[in-house]
Amino acid sequence: MMAAESSDKLNVSDDFDDEDGPVIFKRTSATSKKNQLLSEVKKSTSSLDGQTHRKSNGQNSGLQNCKIIPSVKTSPTKASVDISKASTSRVSSSNVKSPVANPKVSSSGDKSKPFSGSKVLSDVKEEKPSIKHVPRGNYEDSDDEEDNKPLSARLKTNSNHNSKAAPIVKKPIEDSDDDDDDLPLSARLSRNAGTSGSGYDHSDQKKPLLKVQKSHQDGSSTSIKQEKLVTGSVKRPLDKISSLNSSVKKPKLSDPVSSTKIKQVPVKHESKVDDDDDIPISQRLAKSSPSGNKSSSVKKIEKAVKVNKSGSASFKKQVKKMKKSGSNSEYSKSTKLLPSEGDGQKKWTTLVHNGVIFPPPYKPHGIKMLYKGKPVALTPEQEEVATMFAVMRDTDYMQKETFKSNFWSDWRKLLGKNHVIQNLEGCDFTPIYDWYQVEKEKKKQMSTEEKKALKEEKAKQEEKYMWAIVDGVKEKVGNFRVEPPGLFRGRGEHPKMGKLKRRIHPSDITINIGKDAPIPECPIPGEKWKEIRHDNTVTWLAFWSDPINPRLFKYVFLAASSSLKGQSDKEKYEKARMLKNYIGNIRAAYTKNFTSKDITRRQIAVATYLIDKLALRAGNEKDDDEADTVGCCTLKVENVTAEAPNKLQFNFLGKDSIKYENTVEVEQQVYNAILKFQEEKSPGDDLFDKLDTSKLNAHLKELMPGLTAKVFRTFNASITLDDMLTKDTKDGDVAEKIGVYQTANKEVAIICNHQRSVSKSHTAQMSRLTEKIAELQGVLKHLKTDLDRVKKGKPPLKSAERKRNLTPDALDKKITQTKAKIDKMQRDMKTKEDLKTVALGTSKINYLDPRITVAWCKRHEVPIEKIFNKSLLAKFAWAMDVDPGFRF
DNA sequence: CCCTTGACTTGGATTAATCTTC
DNA sequence: GAAGATTAATCCAAGTCAAGGG
């Protein structure tokens with residue numbers, strides 16, 4: 001077997017690896033092309049580049065993409081693309097300007113700090129502004145600058161909305177009265193007045209935010225000079241393009257694609273929704289919705305497709321072939337179809353991959369567990385499950401009755417009714433547990449060489465599953481390993497915890513692959529796949545149904561670094577940025593509805609307010625066989641406690657059963673509305689009884705194309721980061737700047753309630769640090785004494801080990817050093833304590849527009865690697881060449 | 001509409017790899 | 001160089017939201 005396998009492997013890898021043809025970095029979209037072109041050129045140019053670690057295999061174009069891309073190139077593509085949708089906002093705008101800006105900026109940049117910053121900004125903005133359709137155009141600049149307004153001012157504005165807001169505006173606000181609209185709502189109103197429960201104290205953190213009032217300009221100015229260094233030139237195409245593609249997806253209403261079609265849609269909405277007011281804001285605001293769809297043409301047929309260095313001839317050939325036939329024909333076809341159709345749903349043209357890999361079969365260990373003190377022989381199947389349980393002895397699932405009883409019920413099915421083992425209480429798994437500990441120890445004791453060899457062996461086996469070729473580009477596959485059997489570990493009080501998650505076989509798996517691609521060989525001899533599909537409207541490569549909940553599926557997708565994922569990631573952020581242009585009106589609209597007589601409207605208004613201000617999740621309904629957690633729409637009466645005069649105390653379990661505790665000051669009308677919603681209800685009743693996520697999102701969509709509840713979280717997180725970085729970054733060394741970044745990151749994590757459990761060793765670590773500090777303080781004291789004595793001509797105190805005679809100067813220096821060391825330790829200790837329950841990673845991965853970070857790094861000469869690790873760099877390859885002046 | 005299905009994003013914990021320290 | 005700490009990668013559960021069917 002082994003032999004056979006390995007040989008297979010070899011072949012495969014060969015396939016991927018050979019050739020050398022032009023290395024293709026990206027997939028065939030317009031974007032990628034450009035990148036490719038330039039990549040070579042730029043290579044050494046940009047500093048970023050230099051720093052990034054390039055992968056040897058080249059496949060990871062990501063980094064390389066960062067390079068500069070000639071903006072020019074893009075236009076052609078675009079132009080063609082847009083024809084039909086010329087009207088769409090984003091698209092058109094993008095074509096036009098941006099490229100220009102940079103150069104000038106850089107030149108002026110050096111000196112005039114204050115201004116340079118704004119210049120940069122302006123170009124950036126230009127992107128949007130130019131677009132006529134886009135709601136409110138260039139105000140961004142001003143906005144940015146004004147975020148600094150004192151809280152009070154903002155608050156005021158905010159409240160003002162009531163009166164003024166009323167009519168929804170027809171056009172995108174030119175009057176941007178509230179410049180601070182862009183700010184997260186939280187910033188505007190003093191948020192947590194109270195304290196937050198156990199978690200962390202929100203109040204502290206926010207305050208700083210509010211307080212700061214300096215101007216942003218300095219920040220940007222400095223950055224500018226950098227631009228040259230870093231990027232070298234003007235680019236930005238990526239951005240634009242992205243915007244092009246971005247909104248597309250499932251455009252439905254918003255999809256500008258077919259302008260004709262679209263028109264009708266709006267109308268419909270109007271009548272439907274607003275009663276009092278009139279037209280849905282969205283219509284008014286955005287007359288033409290954004291989104292350009294990437295026309296099929298864009299996709300174009302990349303003939304040149306080759307896998308980077310890999311790809312055996314045969315493989316390659318296949319690919320090529322497919323491409324031709326497939327994409328070409330499709331392409332032409334699609335163009336003819338209705339505009340919207342074409343690519344609308346199409347996610348890829350050719351797709352080649354090798355399927356999935358299965359966990360090894362169970363190897364019985366033969367250790368006998370005890371039942372009522374006596375050894376019991378188990379069949380391998382029974383033993384396997386017993387072992388899963390035995391091994392979990394140290395986890396706290398063992399204290400949960402649900403876990404144990406679910407386990408027992410499933411295990412008993414394997415044992416059979418008449419088995420000697422009649423109950424779990426009589427079972428003693430210790431022998432198995434001990435055996436497992438020994439195995440673990442053995443593994444740990446292996447020499448480094450052995451470990452390495454083992455690792456390599458595994459890598460070799462998996463190599464062929466790690467990659468897929470999508471439209472001719474080699475991309476990493478995210479999770480190609482089928483989940484091994486185990487006991488289900490639900491979070492929180494999950495009713496199904498402890499149930500046996502059975503082994504998955506090939507016959508459970510559906511493979512999705514290109515029509516012309518070879519069907520992956522089933523890795524388990526004698527078995528076969530459940531089904532083969534060729535569905536290019538989805539991105540999954542394989543799926544099986546979840547053994548715990550058969551209504552759900554487990555999918556195999558491409559990795560985050562793939563351009564398919566990157567593209568949608570970018571679209572997500574573009575949508576959130578779009579919200580920035582609508583948020584003023586949205587706030588005005590919901591504020592007005594706080595007092596609507598229509599209770600549904602009022603609930604929608606209040607819910608939207610909470611989502612905006614607190615970044616709550618939407619809150620879909622859940623089944624009884626899931627943990628009982630809530631989001632905004634599913635909040636219960638008991639989850640919100642009113643505290644006169646205008647505070648609300650939230651306390652509930654959110655996603656993953658993470659506790660959300662927060663007390664915030666809210667608009668008086670919101671406070672009143674909540675009281676009203678709670679009237680005559682029991683604690684367990686729904687607070688928003690007239691609402692659910694689909695109604696809420698349907699409403700949001702009327703306010704802005706594509707808007708849904710989750711967009712607010714992205715928006716809130718990213719705008720907060722952008723704002724804090726701009727405000728708080730000062731001149732200083734890199735470490736200080738990174739500190740600013742971390743502070744902002746932490747703020748975002750707190751807003752999003754991203755928590756982590758404190759590590760077991762936390763307390764120990766803290767006390768160790770305390771000890772060390774005390775020790776150093778002792779040293780310091782001695783040094784001081786010595787210094788005094790030396791000055792008086794006396795010899796230092798004996799202390800043998802301690803230094804011999806030192807000059808006063810030397811002692812002085814030592815004292816200073818020691819003090820610094822103590823200081824640093826104390827600071828480290830504080831941040832450690834502060835962050836013990838805060839998870840910074842989640843927001844970095846999912847909520848913070850990487851372009852904010854990249855642009856900031858460029859402006860402030862912070863190496864991007866200090867902020868993004870390798871996988872983040874790969875994931876955010878699409879953001880690397882952002883203009884240094886980029887603002888969210 | 002409402003409910004179910006399907007597909008994709010988000011998220012904390014676990015595990016593996018790497019860096020620090022004594 | 002091993003123990004400890006940190007960080008990165010992996011794992012897989014748990015959300016969000018669109019769409020389809022009745």
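Because the structure is a prediction, the values reported are computed rather than measured.
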Practice task
Please list, chain by chain and in numerical order, all residues satisfying salt bridge (charged side-chain N to carboxylate O under 4.0 Å, His left out) with A/K572, sequence neighbours excluded.
Solution key: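 A/D569.
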
Using a cut-off of 4.0 Å on non-hydrogen atoms, how would the nucleic acid contact of [X] be classed: base, sugar-phosphate, or nothing?
{"X": "A/F488", "answer": "sugar-phosphate"}
{"X": "A/T539", "answer": "sugar-phosphate"}
{"X": "A/P550", "answer": "nothing"}
{"X": "A/K501", "answer": "sugar-phosphate"}

Given [options], which nucleotide is nearest the side-chain atoms of [X]?
{"X": "A/K565", "options": "C/dC12, C/dC17, B/dT9", "answer": "B/dT9"}
{"X": "A/V538", "options": "C/dA5, B/dA7, C/dC17", "answer": "B/dA7"}
{"X": "A/P484", "options": "C/dC12, C/dA5, C/dC17", "answer": "C/dC12"}
{"X": "A/W540", "options": "B/dA7, C/dC17, B/dT5", "answer": "B/dA7"}

OP1 or OP2 of [N] versus the side-chain N and O atoms of [X]: is any pair under 4.0 Å?
{"X": "A/K496", "N": "C/dA13", "result": "no"}
{"X": "A/K832", "N": "C/dT6", "result": "yes"}
{"X": "A/N869", "N": "C/dA9", "result": "yes"}
{"X": "A/Q345", "N": "C/dA18", "result": "no"}
{"X": "A/Y555", "N": "B/dC8", "result": "no"}
{"X": "A/H762", "N": "C/dA5", "result": "no"}
{"X": "A/K701", "N": "C/dC17", "result": "no"}

Exercise for the section: From the options A/L616, A/L614, A/T608, select the one residue that forms a side chain to side chain contact (heavy atoms under 4.5 Å, CB included) with A/C632. Expected result: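 Exactly one option meets the side chain to side chain contact (heavy atoms under 4.5 Å, CB included) with A/C632, and it is A/L616.
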
Under the side-chain hydrogen bond (donor to acceptor under 3.5 Å, both in side chains) test, residues paired with [X] that sit two or more places apart:
{"X": "A/K458", "answer": "none"}
{"X": "A/K710", "answer": "none"}
{"X": "A/N479", "answer": "none"}

Handout entry: Length of the line joining A/F553:CZ and B/dC8:C1', which is rounded to integer Å
Key =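 A/F553 atom CZ is separated from B/dC8 atom C1' by 13 Å.
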
Say you draw a straight line from [atom1] of [X] to [atom2] of [Y]; how long is it, rounded to the nearest 0.5 Å?
{"X": "A/F488", "Y": "A/D410", "atom1": "CZ", "atom2": "CG", "answer": "12.0 Å"}
{"X": "A/L721", "Y": "A/Y741", "atom1": "CG", "atom2": "OH", "answer": "5.0 Å"}
{"X": "A/I611", "Y": "A/R713", "atom1": "CD1", "atom2": "CZ", "answer": "10.5 Å"}

Practice task
Assert yes or no for the condition that the ring centre distance of A/Y847 to A/H754 is strictly below 6.0 Å.
Solution key: yes

Exercise for the section: Indicate yes or no for a side-chain donor-acceptor contact from A/S563 to the backbone of A/G566 under 3.5 Å, with no hydrogens or angles considered. Expected result: no

Fill in the blank from the handout: B/S/- along nucleotides 10-22 of chain B (protein heavy atoms under 4.0 Å) is BBBS---S----S

Practice task
With a 4.0 Å heavy-atom cut-off, tell me which residues in residues 619-635 of chain A come close to DNA chain C, sorted by residue number.
Solution key: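 Going residue by residue through residues 619-635 of chain A, the ones with a heavy atom under 4.0 Å of DNA chain C turn out to be A/G619, A/N620, A/K622, A/T629.
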
